[in-house]
Every structure is written in structure tokens, then in C-alpha cells.
Visitor: 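Can you keep this structure in mind? I'll have questions shortly.
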Amino acid sequence: MATNKTNNFRIFELEKSFDNPMAASVNERLIELRKRNIAQTLAAFQGCGHKLEQVKSINGIEFIDDASSTNADATWFSLQRMNKPTVWITNFNNLQQINDDLLNTIYEKVKYIVLQGVYSSEVYAFLEDLDIPFSIEMNMEDAVRQAFYACEKGYAILYSPCSASTNGETSDERGRSFKVAAAQL
């Protein structure tokens, strides 16, 4: 039996060099088939629900559902992918979730913040110190409407909660709530 130290089957020696042109040709063909198969699979991939999912566009403003981002790292990843000025709808209520990477990305990408839901005075003070305009809205409909009013043509509205739900809602339910609110505009 082959081990990491020995190669009794001589399988991997074929990959090093091909003295046999036919073997080299077969190997090239297999690699090309693998590349094509991977490309076709990736092209057909529809993405995950509620993860950077484009919902709609109104007057040049894109609505993006990222309800699956329930922690700072996931939200950081999503904000990093934004290639337009962004209005961020969030509902974090714990400052320990905000790390330096996320904070730097907020300063770089976010033009306006809409905090949706219940918040603590600590979070309010944090938002005031950011020097980024913000508003606080209790329900999703008002949050989406306020985000829309804060936008200019060419902006994107990203719903990325950066927290797990405190009232038992799933990411799917929160994402659907965002989509319904966007559809009502």
C-alpha cells in the first residue's frame, strides 16, 4: 500500500513528466474537461438565498438582501464586495460585534446607516461618534423607506443585519421582510 513516504503505485510520477505523447495528450484533455466542467457549474450556480442577493433596482438604486450575514465577519465580507456607495440597514445591538476590520470598511464604503429595531444607548453613542449620517427605524418598512430617501442614483442599499435575531426570526424571514418592504416602494 502506498503511503506518504512511498509511491508504490507510481501514480504521481505521470504528473511530473510525460515521455509518452499519447499520455500527455490524454492528461491535457482531462484537465481541459475538468476546467470546462467547473466553469459550467459555476456559471449555473444561482447563489445562496439572502447572501448578497440582488432584489431590485429603482431609479438606479440597487436593493441587496444579505440577511444571512448575522455576524461581523459576514457583514464585513459583504460590505467589502460593495462597489457602489452604500446605505447599510443593520440591526446590531452589541458593540463587541464591531471589530476593526468592519469599522474600517464602514468608513470606506458606507454613506448612511439605518439601524432597524431596538437599540441600546451604547449603540446610539457609537453611531453618533462614527461621523456617518444615520437614523433609527423600528420596523423594516420604515428602515427601507428611510434608506431609499438617503440614497442618490448609483447607490446601493444593503440589508446586512450583523447580528442574530433577538425575536426568533430566521434569516429567511428577515430577508423576506426586506424584500417585501423594497417591493412596496
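Residue numbers start at 1 and run along the sequence shown.
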Visitor: Could you work out, with side-chain hydrogen bond (donor to acceptor under 3.5 Å, both in side chains) as the rule, every residue matching N139, not counting sequence neighbours?
Guide: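 Expected list: D142.
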Visitor: Which residue pairs pass the salt bridge (charged side-chain N to carboxylate O under 4.0 Å, His left out) test with at least one member in residues 147-161, sequence neighbours excluded?
Guide: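 Counting only pairs at least two positions apart or across chains, no salt bridge (charged side-chain N to carboxylate O under 4.0 Å, His left out) contact touches residues 147-161.
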Visitor: Can a side-chain donor-acceptor contact be found between S68 and S171 if the only test is distance below 3.5 angstrom?
Guide: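 Note: S171 and S68 side chains miss the donor-acceptor criterion.
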Visitor: Can you see which heavy atom on N71 is nearest to which on D73, and at what distance?
Guide: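 Nearest heavy atoms, N71 then D73: OD1-N, 3.1 Å.
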Visitor: Has N59 got more than 12 heavy atoms of other residues, nucleotides or ligands less than 6.0 Å from its CG?
Guide: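 No.
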Visitor: Can a salt bridge be assigned to the pair E53 and K179 using a cut-off of 4.0 Å between side-chain N and carboxylate O?
Guide: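 Here E53 pairs with K179 in a salt bridge, since their nearest N and O are under 4.0 Å apart.
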Visitor: V180: which other cluster members, linking ILVMFWY side chains closer than 4.5 Å, directly or transitively?
Guide: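 V180 shares its hydrophobic cluster with no other residue.
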Visitor: How long is the gap from OG1 on T75 to CG on L158, to the nearest 0.5 Å?
Guide: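 If I round to the nearest 0.5 Å, the distance is 7.5 Å.
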Visitor: Less than 3.5 Å apart, any donor N or O on the side chain of Q54 or E62 sitting next to an acceptor on the other?
Guide: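 There is such a pair between these side chains.
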Visitor: L115, Y155: one ILVMFWY side-chain cluster at the under-4.5 Å cut-off?
Guide: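 In one cluster with L115: Y155, no.
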Visitor: Where the side chain of D66 meets the backbone of L52, is there a donor-acceptor pair that is under 3.5 Å apart?
Guide: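 Present.
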Visitor: Is the count of non-hydrogen atoms from other residues, nucleotides or ligands lying under 6.0 Å from Y124 atom OH greater than 12?
Guide: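 No - once you tally the heavy atoms of other residues, nucleotides and ligands closer than 6.0 Å, there are 12 at most.
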Visitor: Which value, rounded to the nearest 0.5 Å, describes the distance between Y119 atom OH and I136 atom CD1?
Guide: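 If I round to the nearest 0.5 Å, the distance is 4.0 Å.
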Visitor: Considering all heavy atoms of both residues, which atom of P85 and which atom of K111 are nearest to each other, and what is their separation?
Guide: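 So the minimum-distance heavy-atom pair works out to CB-CG, 3.7 Å.
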Visitor: Which distance, rounded to the nearest 0.5 Å, do you find between the CZ of R81 and the CD1 of I64?
Guide: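 Rounded to the nearest 0.5 Å, the CZ-CD1 separation comes to 13.0 Å.
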Visitor: The criterion is side-chain hydrogen bond (donor to acceptor under 3.5 Å, both in side chains); which residues satisfy it with Q80, sequence neighbours excluded?
Guide: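 side-chain hydrogen bond (donor to acceptor under 3.5 Å, both in side chains) list for Q80, sorted by chain: T105.
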Visitor: Could you pull out the closest heavy-atom pair between S163 and R174, with the gap in Å?
Guide: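 Heavy-atom minimum between the residues: O-NH2, 2.7 Å.
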Visitor: Contact between Y159 and P161 at the side-chain level, heavy atoms closer than 4.5 Å - yes or no?
Guide: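 The answer is yes; the side chains approach within 4.5 Å.
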Visitor: Minimum heavy-atom separation for L185 to R145, with atom names?
Guide: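 Heavy atoms only, the tightest pair is CD2-CA, 4.2 Å.
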Visitor: Looking at residues at least two apart in the chain, or sitting in another chain, which of them share a side-chain hydrogen bond (donor to acceptor under 3.5 Å, both in side chains) with T86?
Guide: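 In terms of side-chain hydrogen bond (donor to acceptor under 3.5 Å, both in side chains), with neighbours along the sequence ignored, T86 is linked to no residue.
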Visitor: Could you check whether F126 and F134 have their ring centres less than 6.0 Å apart?
Guide: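 No, too far apart.
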Visitor: Tell me, do F63 and V144 make a side-chain contact under 4.5 Å, heavy atoms counted?
Guide: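 Side chain of F63 against side chain of V144, heavy atoms only: contact under 4.5 Å found.
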Visitor: So, for I113 and V110, which heavy atoms are closest and what is the spacing to 0.1 Å?
Guide: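 Taking every non-hydrogen atom into account, CG1-CG1, 3.6 Å.
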Visitor: Output the distance between atom CZ (F92) and atom OG (S120), rounded to the nearest 0.5 Å.
Guide: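 That separation rounds to 8.5 Å.
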Visitor: Using modelled atom types only, decide if a donor and an acceptor are shared between the side chain of Q146 and the backbone of A143 within a distance under 3.5 Å.
Guide: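 Between the backbone of A143 and the side chain of Q146 there is no qualifying donor-acceptor contact (under 3.5 Å).
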Visitor: Does some side-chain heavy atom of F77 sit less than 4.5 Å from a side-chain heavy atom of S69?
Guide: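 S69 vs F77: side chains apart.
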Visitor: Please give me the minimum heavy-atom distance between D65 and G175, naming the atom from each residue.
Guide: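 Nearest heavy atoms, D65 then G175: OD2-CA, 3.5 Å.
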Visitor: Apply the test side-chain contact (heavy atoms from CB on, under 4.5 Å) to residues W88 and V114: give CA-CA distance (whole Å), side-chain angles for both, the deciding distance (0.1 Å), then the verdict.
Guide: CA-CA 6 Å; W88 176 35; V114 179; over 6 Å; no
Visitor: Taking side chain to side chain contact (heavy atoms under 4.5 Å, CB included) as the criterion, tell me which of I89, V87, I157 meets it with Y112.
Guide: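 Per the side chain to side chain contact (heavy atoms under 4.5 Å, CB included) rule, the option paired with Y112 is V87, out of I89, V87, I157.
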Visitor: Decide yes or no for V118 and M138: does some side-chain heavy atom of the first lie under 4.5 Å from some side-chain heavy atom of the second?
Guide: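 Side chain of V118 against side chain of M138, heavy atoms only: contact under 4.5 Å found.
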Visitor: Mind checking side-chain hydrogen bond (donor to acceptor under 3.5 Å, both in side chains) for K109 and listing every partner two or more places apart, or none if nothing turns up?
Guide: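 Partners of K109 by the side-chain hydrogen bond (donor to acceptor under 3.5 Å, both in side chains) criterion come out as none, since no residue qualifies.
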Visitor: Working to the nearest 0.5 Å, report the span between SG of C162 and CG of L79.
Guide: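 Result: 8.5 Å between the selected atoms.
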Visitor: Could you go step by step and tell me if K51 and S78 meet the side-chain contact (heavy atoms from CB on, under 4.5 Å) rule?
Guide: CA-CA 8 Å; K51 186 65 186 161; S78 298; 2.9 Å; yes
